[in-house]
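Let me begin by presenting the structure, written as structure tokens, before commenting on it.
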Amino acid sequence: MTDFLLPTIVFTVLTAFAPFFVARLKDRAGWILAIGPALFLAVLLKSAPGVLSGGKLTSSVSWISEVGINFSFYVDSFGLTFASLVCLIGAFIIIYSGGYNSHYHYTTRFYVLMLAFMASMVGVVLSDNLILLFVFWELTSITSYLLIGINHEEEANVKAALQALVVTAGGGLVMLMGIVMLGNIAGTLELSELIARGEVIRQHPLYFWTVICFFVGCLTKSAQFPFHFWLPNAMAAPTPASAFIHSATMVKAGVFLLFRLTPVLGGTEIWFRVLTSAGAITMVLGALFSLLRHDMKQVLAYTTISALGTITMLIGVGTEASIVAAFVFMVAHAFYKGSLFLITGMVDHGAGTRDLRQMGGLRKLMPITCTVAFLGVLSLGGMMPTLSFLSKELMLEAALHNHAVEKILPPAIVFTGAAFLAVAIRLFVVPFFGPLKHAEGAHVHEAPLSMWIGPGILTALGVFLGITCAGFGKEVITPVYNDILHGHGHELHFHVWHGVTKSFLLSLTAYAVGVALFFMRRRIFAAFEKVEGITKFGPEKGYDLFMGSIYKVASFQTRIIQTGYLRHYMMVTVLFALLMIGFAMLREHTPIPAFEWEMSYLHEYGIALMIVGGCVLAILANRKLMAIVALTMVGFGVGVVYVYFSAPDLAMTQVLVETLATVMFALVLAFMPPFRPLGTKRQRALNLTVAAAFGTLMSVLTWISFKLQASESISSFFAETSYLKAHGKNVVNVILVDYRGWDTFGEILVISIASIGVVTLLAHSVRTKKGAEVADG
Amino acid sequence: MTKALLFSPVLIPYFTATLCFVCHKMKRTQRVLVVSGALLHLAAAIALFVQVRGHGIIAHTAGDWSAPFGITLVADLLSAIMVLVSSIIFSATVVYALFSIGEEEEHFFYYPLMHTLILGISWAFLTGDLFNMYVSFEVMLISSFILLGLRGGRFQMEGSMKYFLVNLLSSIFFLTGLGILYGYAGTLNMADLSVKLATADPRVVTLISMIFFVAFGIKSALFPVFSWLPAAYHTPPAATSAIFAGLLTKVGVYALIRSYTLIFVAEVEFTHQIIVVIACLTMLTGVLGAYSQSDFRRILSFHIISQIGYMIWGLGMFTQLALAGSIFYLFHHIIVKSNLFFISGIVQNLHGSYKLDRLGYLFRNKLVLSMLFFIPAFSLAGFPPLSGFFAKFLLVKAGVDSGAYWAVIIALFVGLMTALSMTKIWGGAFLKLRNHPVEGHEPPGGAKGMMVSVAILATITVLIGIFSGPMFSLAYDAATQILDRSVYITAVLGGGA
């Protein structure tokens, strides 16, 4: 694994210096920045022979190993192939971006984000630890969020970016829960160890919910029905980013993880049902919509959705044949889909539009683009002898030989194949043939080398691997397949020409239908226009409803809770206390000692009358002065209680404070607004009830704690040691300045700070500022 | 020596505040004093942390009385962590304030008040006596109240009055609880309470604990008693609201963690279940509140509430891992949250407003600031590999371990909503290219200097993510320590008790 250190460093350094290269080299910066991924690819290829023959590379550094999080990587044939794809396509896309991005004001940001996006994806496919994988997984979500919304002049782009983030990151969070559950079941989070424990995991009672969580994570990421809607909107990204998202990164992360988890979670009823049906529905719907769109990028986006559906479906079927078919198709798709997006960019660049209805006859002016496009659509249409053709054959075989699906899936695959072919023909014929048509004022020109070299090589590879599939199957697909299924020694044999088998006949049917669909396209568009309204009720509507209702609920609850009125806040606080303490008190077995009437002397009644009477008077008072005097009465009453229990210093303090407070109140009285009852009668009745209930509760509580004293008070210690150790006869004073002098220090501080406050308040009241804004509510 | 360490986080700001108060008219002297006082506090906090991490709990009773008769100051790992993180935020705030606080505030004792504020905060973390904690709360409350109203506009006064009165209610509950508790147990030393209540009637202990739950709940801004927070935190200057946002509610959370691990553990299955329910409601209501706002700082303020829910959730689950998660969450959150308020201040400095409809263009024009916002914002939303992800992961793992799936689902949903409301700020202030700019606003300068604090805190956030292993060990050790009450009790009361 140490081999990977150097390319990682080079990659990072080049990315960090991207602003420098962009400033110096302008359009040619892409060539330099592509060195990073290219170097990484070289190291991957260097270690390929060893890995493909069964040697696995691992490396692990502890991160938070106590909870199973490690910085651990694991390179097997599957991961290696995938990472190579990412780097290969990534390098070409970076080169391409140089040509595409000329005169673009966010070039630097774009490069940095693309490279980060690529690195995250490589991280996903090479991680051993599931949390590490999740880290990279979410990084692809964030980087794609930034890439989709990079042209933030258009608010639609920002919205599309957010949608992608909400759907994929939301799914990711659900998956996180699945990861945690899986870790708890299996006792490890390392994929390499999980693979061997599939049996135990599938027997576990939590298996069902775990696998559901992973479904949500993978299906959202891979844009499967009903979460597919974010992907067509994500074409708001610059075309090179779209090419990358659709071919080797982001959406492929979901199916990658499904492949990886097949030996861990796969092979069960739920696995089969959910993945096969979600995949099949997505495949057919995606194919259908790809027939109906006119924007080249959107057409391609729907074919991607359909292709991912196919892969998901095949993983769900779960037989050896279907896994092989899924993998081969995934590789083929990565080669041609990235290229086709790049070609769209070239056409857009040259003809100034991506709308298929507004272009035509570009063949003469853009011959290279036309050639490359031919190679691309050959694969898209699944024509012989491309790798994509081989994969279609394999998937038909797999579907035909599985009893559970042999009735439903083959027709679905044939329809999808037909639609792909129709789209392929359309994407090739419409832009390049017929009379010359392009956007007004566009100066049609051929794409520069940096733009056509990548798609050219990638599409050529798609054809080349199809021709040489026998060797490719033996050297690459066999070990990959063994690594995915955690099996050993199974060798696969591929041939381009199978002879006239049932699947070949089905392929021919698909071709025929596809050509027919192409020629019937105007009629299909016309028919679709009549029913287009229905598409408004798709899952995207659900997303909009969800987002809208969350906002409504949020505003509603906030208006209710954060009213802006202090009296509400006070009321809620007291009610909360009432509820909490009341709830704890009204449980069974709460010891409430019986009330004993302990007052025996007349003057005790006198004091009680003074306090209670003061309270009642304060409530009933209708003049300010009256209320203040009544409150003072209560305070003096408490003072008398202190006298009665022989605490003269406390009593003195109490009386002094009460007197001072009353005098001050009386002084500011003149400045206060006139006294009037606030609120309606009902509100006041409510206030009274709450206050009375609360008072009662606190009294009972005091009674309980007083009666059921748990242990001796430490106050006897103060009385005993006050003179002997602290040399003071007045215990209260000694407590204040010695035993608890630290408290007194604090209280003095509080008074001093308060006096600072008075100074500032007075200073401000001299020149009151007026603010029109309301702070709260 | 250890004695000095224990008292210095309280005494250093005391002396600094006094000196600043005296020199408040000498601008330069005051500034020098303020910064050196803050750095000294930081040094003391680091020294205390190193000492506690290396040699265990330090406890000392003031005036050399023996506990529980005098007032004991205790620094265990949790306290030391809290003091250290607070001190980091304090230093960052002071540096930030140098570039952002107006002449007027400076003249009206802004700096002395900041120091008394950190004094109260450090004190609350270090005291081992419940009444003493009440006193420290008072120091904090009065300092923060005056800081809030320092500008004296009607806008500020309204916020600070709500803040003050509701918090005063909390103080009343606290004091009432103290009276009842002292009547019942005859002591207020926390270690002593832990010993004495262990043999008391659990029903009565729970009952009394509820008063404290309400008091600390208001301080921590739990559901439904959080309203004072969004009413006030967006009114003062950014430097003030940043330190409030980072630290004040966390003192409440600390008090809850401390009291519900050390003292009120008689009926964990009842009390801590309530805490879990309240925690979930707090998470939800906070994030919904945030999502409904359209003011930079109001969004952030509501987020504080939501995040408090996570921390309290860990306390409610009451396992070692869950508490470690809470502690991890605490220090992650403090750094991130203060930083976001710092950034809001820079944005205000540049555009003259906190309202999202008046902002925009920042992603186009201020790339560095955008990146610096992105780090704490997405850390807060729990995106890996930033610190918030690990904090959330630990709690989710603890939740799954204890089988509380419904709470886990709420927590994850809230995580998504947090991301959503962060993108609301991102979209509104950074991406948007149309706004109603504040007429005639000229940036007063200082934004570059303010960025220093932001950059430092963002770096810390990234580092917490990268070194989450050692950070986790730290949080885990702190959790182990607070769950094993005997260590704390022995350190305070001595071996015999």
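Only this structure's heavy atoms are used, side chains among them; waters, hydrogens and symmetry mates stay out. Within every chain, numbering begins at 1; the chains are lettered A, B, ... in the order of the sequence lines, protein sequences first and strands thereafter.
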Under a 4.5 Å heavy-atom cut-off, does chain B meet the side chain of D738(A), its backbone, both or neither? both

Just to verify, which of N189(B), D129(B), T127(B), N132(B) counts as forming a side-chain hydrogen bond (donor to acceptor under 3.5 Å, both in side chains) with T72(B)? N189(B)

Per-residue contact mode, F71(A) against chain B (heavy atom under 4.5 angstrom): neither

Applying a strict 4.5 Å limit to non-hydrogen atoms, the region of L176(A) in contact with chain B is side chain

Heavy-atom distances under 4.5 Å only: say whether Y361(B) touches chain A with side chain, backbone, both or neither. neither

Applying a strict 4.5 Å limit to non-hydrogen atoms, the region of I735(A) in contact with chain B is neither

Parallel, tilted or perpendicular: ring planes of Y739(A) versus W65(B), cut at 30 and 60 degrees: tilted

Are the charged groups of K159(A) and E155(A) less than 4.0 angstrom apart, N to O? no

Whether R740(A) and E747(A) form a salt bridge (side-chain N of Lys/Arg under 4.0 Å from carboxylate O of Asp/Glu) is what I want to check. no

Side chain, backbone, both or neither of I142(A) within contact of chain B (heavy atoms, under 4.5 Å): side chain

Residue L206(A) versus chain B: region with a heavy atom under 4.5 Å: side chain

By a 4.5 Å heavy-atom criterion (distance strictly below it), what part of F556(A) contacts chain B: side chain, backbone, both, or neither? neither

Chain B contact via L749(A) - which portion, at a heavy-atom distance below 4.5 Å: side chain

Whether F745(A) and W742(A) hold their rings parallel, tilted or perpendicular, with breakpoints at 30° and 60°: parallel

Under a 4.5 Å heavy-atom cut-off, does chain A meet the side chain of L147(B), its backbone, both or neither? neither

Electrostatic pair R364(B):E153(A) at N-O distance under 4.0 angstrom: yes

Side chain, backbone, both or neither: which part of F389(B) has a heavy atom under 4.5 Å from chain A? side chain

